[in-house]
Amino acid sequence: MAITGLFLCSFLVIHLIGNVALFTDPVQFNEYTRFMSSNPLIRIMEIVLVAGFLTHIIDAIILTKANKAAQPVKYAMDNKKSSWYSRNMGLTGTIILVFLIIHLQSFWYGYKFGDVAMTVDSSGDPIKDMFIMVKAAFSQPWYSAIYVIGMLLLGTHLNHGFQSAFQSIGLRHKKYTPTIQKIGTAFAVAVTLGFISFPIYFYFTQL
Ligand code: HEM
């Protein structure tokens with residue numbers, strides 16, 4: 001879980017950086033999405049990504065079952081010292097999965113098989129206008145709201161998951177663990193605010 005989780009974290013960073021073109025240059029964003037959906041190396045990475053998601057989810061189910069089997073009766077006094085994030089990783093993970101299905105259906109499937117408007121790239125050649133598709137999606141309040149809620153839950157999932165991954169691979173140390181926790185929180189906040197900025201920006205600039 002730790003390795004696949006950290007791999008998915010690196011995907012989030014790349015995805016976030018790629019999406020910044022939504023703010024700076026629609027043509028560059030369209031060229032970036034074309035590159036992402038046509039480059040053979042990215043195609044291979046896509047398979048690795050799907051395998052990463054599936055392994056992460058299957059491991060989570062196995063781990064939850066093993067934990068339940070090890071503790072069939074709930075403690076009379078639950079340990080409330082553990083954070084809400086750590087006690088609800090299964091819940092936040094499941095909601096993120098639902099978010100991901102909605103996201104891939106509209107953007108990934110929509111781009112590949114949907115009726116996407118055409119525009120021109122920087123050389124004047126025809127290209128699918130993904131920028132317009134993203135902009136139109138975020139002009140709908142309910143769709144933007146799904147993203148804001150999804151990203152906030154992703155933030156709580158990352159906040160616990162990041163530092164937990166380092167513990168799982170054996171990096172647990174009195175001196176370094178607090179720093180890893182702080183880096184994890186900073187990472188979770190940066191990713192959450194970064195992704196939330198897109199629906200909020202497009203929603204409010206189209207009012
Ligand atoms: C506001 C935030 C987001 C925007 C605007 C956005 C936009 C897009 C777009 C336009 C695509 C299709 C083109 C491409 O492959 O780049 C895409 C694909 C994808 N997105 Fe997002 N995304 C956002 C957040 C997220 C988050 C938070 C996750 C994960 C939890 C995610 C996971 C994915 C995945 C797995 C794909 C398919 C990647 C592939 O085809 O290689 N996205 N996204």
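When a residue number appears, it is its place in the shown sequence, counting from 1. Order of appearance sets the numbers: ligands from 1, and atoms from 1 within every ligand.
- When side chains are defined from C-beta on, Phe138 does not count as touching Ile200, because their heavy atoms never get closer than 4.5 Å.
- The nearest protein atom to atom 26 (C) of ligand 1, hydrogens excluded, is given as Phe99 CE2, 3.8 Å; this is a heavy-atom distance.
- Looking at Leu100 against ligand 1, only its side chain comes within 4.0 Å, counting heavy atoms.
- In this structure, the side chain of Asn88 does not engage the main chain of Leu91 through any donor-acceptor pair within 3.5 Å.
- For Pro199, the closest heavy-atom approach to ligand 1 falls below 4.0 Å.
- Proximity of Leu193 to Val189: side-chain heavy atoms (C-beta onward) are separated by under 4.5 Å at one or more points.
- Contact between Met133 and ligand 1 is absent, with no heavy atom of the residue lying under 4.0 Å from the ligand.
- Ring planes of His15 and Phe11: parallel class, angle under 30° (limits at 30 and 60°).
- Between the choices Met36, Glu46, Met151, Met45, the shortest heavy-atom distance to atom 14 (C) of ligand 1 belongs to Met36.
- Checking Thr33, Leu8, Leu153, Val191 against atom 13 (C) of ligand 1, the nearest heavy atom belongs to Thr33.
- Protein contacts to atom 21 (Fe) of ligand 1 involving N, O or S atoms at a distance below 2.8 Å are His15 NE2, His103 NE2.
- Using a 4.0 Å cut-off between heavy atoms, Phe198 contacts ligand 1 through its side chain alone, with no backbone atom that close.
- Nearest protein heavy-atom contact of atom 16 (O) of ligand 1 is Tyr32 OH, 3.7 Å.
- A donor-acceptor distance shorter than 3.5 angstrom exists from the side chain of Thr92 to the backbone of Met89, with no hydrogens or angles considered.
- A donor-acceptor pair is defined here as one N or O able to donate and one able to accept, closer than 3.5 Å; no such pair exists between the side chain of Ser144 and the backbone of Pro141.
- Ranking protein heavy atoms by distance to atom 2 (C) of ligand 1, first place goes to Phe195 CD2, 3.4 Å.
- The protein non-hydrogen atom at the shortest distance from atom 10 (C) of ligand 1 is Met130 CE, 3.4 Å.
- Rounding to the nearest 0.5 angstrom, the gap separating the CD1 atom in Ile149 from the CE atom in Met151 is 10.5 Å.
- Residue contacts with ligand 1, taken as heavy atom pairs separated by less than 4.0 Å, involve Leu12 solely via side-chain atoms from C-beta onward.
- Distances from ligand 1 to the non-hydrogen atoms of Tyr111 include no value under 4.0 Å.
- Qualifying salt bridge (Lys or Arg N to Asp or Glu O under 4.0 Å) partners for Asp121, counting only residues two or more places apart in sequence or in other chains: Arg34.
- Nearest protein heavy-atom neighbour of atom 35 (C) of ligand 1: Phe11 CZ, 3.7 Å.
- Between the side chain of Asn30 and the backbone N or O of Met130 there is at least one donor-acceptor pair closer than 3.5 Å.
- Between Phe107 and His103, the two ring planes are perpendicular [angle over 60°; tilted spans 30° to 60°].
- Between Phe23 and Phe202, the two ring planes are parallel [angle under 30°; tilted spans 30° to 60°].
- Put simply, CG on Leu154 and CG on Leu100 are 9.5 Å apart, with the number rounded to the nearest 0.5 Å.
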